[in-house]
Amino acid sequence: MSDMSEAEQRATLAVALMAAFADGTRDERERAAVETLVGQLNDMAGGALDVAAVYQELTQRKPGIAEVVKPLVTQQSRQFAYEAAALALPANAARSLAETASSMAAATLPAVAAAPSPATRPAPDAAALDASILNAAITNAALELLPESLASMAIIPLQMKLVYRIGQAYGYELDGSSVKDFLATLGVGLTAQYLEQFGRKLLGGLLGSVAGGIGRSIGHQAASSGMAFASTWALGQVAKQYYAGGRTLDADKLRAAFGPLLSQARELGTRYAVQIQQRAQGIDLSNLPALISKA
């Protein structure tokens with residue numbers, strides 16, 4: 001981005017500052033992120049970037065985001081501004097969301113859930129399990145379509161519930177810790193993913209409508225509706241393989257199985273676009289715990 005114009009540099013800094021100001025507080029994480037960005041932009045500008053003028057413009061005149069991003073005329077400059085703003089997310093709000101979401105995930109499953117042993121339990125109905133996996137994938141994709149950050153908090157609890165039910169179907173006793181470990185092995189994180197979902201939704205509202213919807217194109221769309229569908233479906237299918245096979249797959253084999261299923265799920269998700277839209281319209285965000293408990 002060394003060829004950014006002065007106007008693009010100022011706009012990038014302004015967007016990052018607006019993201020940092022969003023929660024009405026200042027902390028060291030936000031300050032450090034902005035200082036790093038200023039250093040990068042000053043390198044581009046040969047030290048000539050007037051940071052004080054950008055700050056004064058934002059705090060005194062308070063321009064709208066549509067006006068601020070007008071100089072970002074290329075996809076490259078828009079992406080750079082988006083990523084810069086992501087580093088300056090309001091940290092207090094993000095941490096609060098992550099803590100609440102993690103608490104919800106921890107409360108999703110009982111400490112230990114007894115199940116008949118694999119040796120004595122009849123083989124589960126594979127078609128029924130596939131239907132439940134698809135249903136969970138559609139629900140999670142629908143949650144990601146909703147603009148509210150609160151909706152994303154239900155995604156990983158629902159993924160945990162799915163793995164839990166699949167394990168029980170094959171006769172295994174599970175607890176929340178073991179299910180979290182299973183998700184983590186496949187790279188489906190908890191707090192980090194909540195922060196990413198929070199950031200995408202905050203910045204999607206900040207930039208998406210005026211910058212060509214770039215919020216849904218950054219970071220391989222990791223928290224998009226399509227990725228929520230794909231990660232949930234692939235997670236369920238790998239869980240089936242894992243528990244049906246007597247939990248003999250090690251971490252490397254689990255990850256090796258997850259990758260191709262994730263690619264397959266991305267294509268599969270497009271077939272269910274209508275169902276996902278319909279599911280989103282019927283979700284009551286005021287009662288997320290009920291949505292999770294009924295899953």
**Prompt:** Do Gln9 side-chain atoms and Met4 backbone N/O form a donor-acceptor pair below 3.5 Å?
**Reply:** yes

**Prompt:** Which pair of non-hydrogen atoms, one from Leu162 and one from Gly236, has the smallest distance, and what is that distance?
**Reply:** CD2-CA, 3.9 Å

**Any donor-acceptor N/O pair, Asn42 side chain to Leu49 backbone, under 3.5 Å** = yes

**Message:** Is there a side-chain hydrogen bond (donor to acceptor under 3.5 Å, both in side chains) between Arg279 and Asn140? Walk through the geometry before answering.
**Reply:** CA-CA 9 Å; Arg279 185 73 54 87; Asn140 281 345; over 6 Å; no

**Fill in**
Shortest non-hydrogen pair, Phe229 vs Ile276, comes out as CD1-CD1, 4.1 Å

**Message:** Salt bridge or not between Arg255 and Asp252? Use side-chain N to carboxylate O under 4.0 Å.
**Reply:** yes

**Request:** Hey, could you give me the CG/CD distance between Leu13 and Gln40, rounded to the nearest 0.5 Å?
**Result:** 11.5 Å

**Asked** From Leu183 CG over to Leu235 CG, what is the distance, rounded to the nearest 0.5 angstrom?
**Response** 5.0 Å

**Complete:** For Ala142 and Ile283 the tightest heavy-atom approach is CB-CD1, 3.9 Å

**Prompt:** What is the distance from atom CD of Gln237 to atom CG of Leu262, rounded to the nearest 0.5 Å?
**Reply:** 12.0 Å

**Prompt:** How about Ser132 and Arg165: do any of their side-chain heavy atoms sit closer than 4.5 Å?
**Reply:** yes

**Asked** Quick one: are Ile166 and Ile133 in side-chain contact, heavy atoms under 4.5 Å?
**Response** yes

**Request:** Mind checking the CZ-CE spacing from Arg266 to Met227? Nearest 0.5 Å is all I need.
**Result:** 4.5 Å

**Message:** Side chains of Leu158 and Thr232, heavy atoms from C-beta outward: is any pair under 4.5 Å?
**Reply:** no

**Message:** If you compare all heavy atoms of Val68 against all heavy atoms of Ala14, which two are closest, and at what distance to 0.1 Å?
**Reply:** CG1-CB, 3.6 Å

**Request:** Starting at OH of Tyr243, measure out to CZ of Phe182 and round the result to the nearest 0.5 Å.
**Result:** 5.5 Å

**Separation of Glu67 CD from Arg61 CZ (nearest 0.5 Å)** = 4.0 Å

**Fill in**
On a heavy-atom basis, the closest approach of Ala244 and Tyr170 is CB-CE2, 3.4 Å

**Request:** Sequence neighbours left out, what passes salt bridge (charged side-chain N to carboxylate O under 4.0 Å, His left out) with Asp130? Give chain and number order.
**Result:** Lys240

**Asked** How close do Gln159 and Ala228 get, heavy atom to heavy atom, and via which atoms?
**Response** NE2-O, 4.4 Å

**Request:** Mind checking salt bridge (charged side-chain N to carboxylate O under 4.0 Å, His left out) for Arg271 and listing every partner two or more places apart, or none if nothing turns up?
**Result:** none

